[in-house]
Amino acid sequence: MSTVKVSLTVNGERHELDVEPRLLLVHLLRDRLGLTGTHVGCDTSNCGACTVHVDGEAIKSCTVLAVQADGAEVKTIEGMASADGTLHPLQESFWNDHALQCGYCTPGMIMSAADLLTRNPDPSEEEIRHGLEGNLCRCTGYHNIVRAVQSAAKGGSGRIEVPAPASESAATAEAVASEVKP
Ligand code: FES
Ligand code: FES
């Protein structure tokens, strides 16, 4: 099959790849770039486990072709911690508030919550539940997830700004955000 050249920036790193036109962004991230913190839970745009940021907005990367991300800035869970390994406030609050059990949904939850807090730094419980309704969790019952997002928001909206990406922080970030890899 013929391929198409795609250029995109992922977690601050520029990549140029030849991809099949049918390749989904989630598979480019996981299979070509090795960023397995972005999970595949359904492949049918239901679960939100594959949520990443594209040009600052949360999207389900199983619904986007890699070629559609040509020229885009992509951020995954591996890019959420700061260069010195300091976790993103949402990663801290998910940890502290026990907002995960198996961890499969967690990267997507955090990416969606970060987008929500960027748009609404002080959301109500209802707004958090509404903002995360595209992300499914089979384990936690959502209560602690909502509490974690509230905790991160209370830490100050300024802390929600996405830190500079750092490849060296990827392992730490993913260890917290994703306890189970497929
Ligand atoms: Fe993308 Fe479930 S894998 S929404
Ligand atoms: Fe298991 Fe959410 S913690 S699916």
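Ligands are counted one by one from 1 in listed order, and the atoms in each one are counted from 1 as well.
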Pair listing, side chain to side chain donor-acceptor pair (under 3.5 Å) test, anchored in residues 137-150, at least two apart = Asn144-Arg147
Just how far is it from atom [atom1] of [X] to atom [atom2] of [Y], taken to the nearest 0.5 Å?
X: Leu8; Y: Leu33; atom1: CG; atom2: CG; result: 7.0 Å
X: Ser45; Y: Ile59; atom1: OG; atom2: CD1; result: 11.5 Å
X: Leu65; Y: Leu23; atom1: CG; atom2: CG; result: 8.0 Å

Is there an N/O/S atom in Cys137 that lies less than 2.8 Å from atom 2 (Fe) of ligand 2?
-> yes
Would one find an N, O or S atom of Cys105, in either backbone or side chain, under 2.8 Å from atom 2 (Fe) of ligand 2?
-> yes
Do the side-chain N and O atoms of Glu126 and Ser124 include a donor-acceptor pair separated by under 3.5 angstrom?
-> no
Go through the structure and list residues passing salt bridge (Lys or Arg N to Asp or Glu O under 4.0 Å) with Asp97, not counting sequence neighbours.
-> none
Only counting residues at least two apart or in another chain, list the ones meeting salt bridge (Lys or Arg N to Asp or Glu O under 4.0 Å) with Asp31.
-> none
Going through the checks in order, is the salt bridge (charged side-chain N to carboxylate O under 4.0 Å, His left out) test met by Arg129 and Glu125?
-> CA-CA 6 Å; Arg129 288 185 184 276; Glu125 177 180 342; 3.0 Å; yes
Within a radius of less than 6.0 Å around CZ of Arg14, do more than 12 heavy atoms belonging to other residues, nucleotides or ligands occur?
-> yes
Mark up the atoms of ligand 2 that fall under 4.0 Å of a heavy atom belonging to [X], in ascending order.
X: Cys139; answer: 1 (Fe), 3 (S), 4 (S)
X: Arg138; answer: 4 (S)
X: Gln101; answer: 3 (S)
X: Gly103; answer: 1 (Fe), 3 (S)

Cut-off under 2.8 Å, centre atom 2 (Fe) of ligand 1, protein N/O/S atoms | Cys42 SG, Cys47 SG
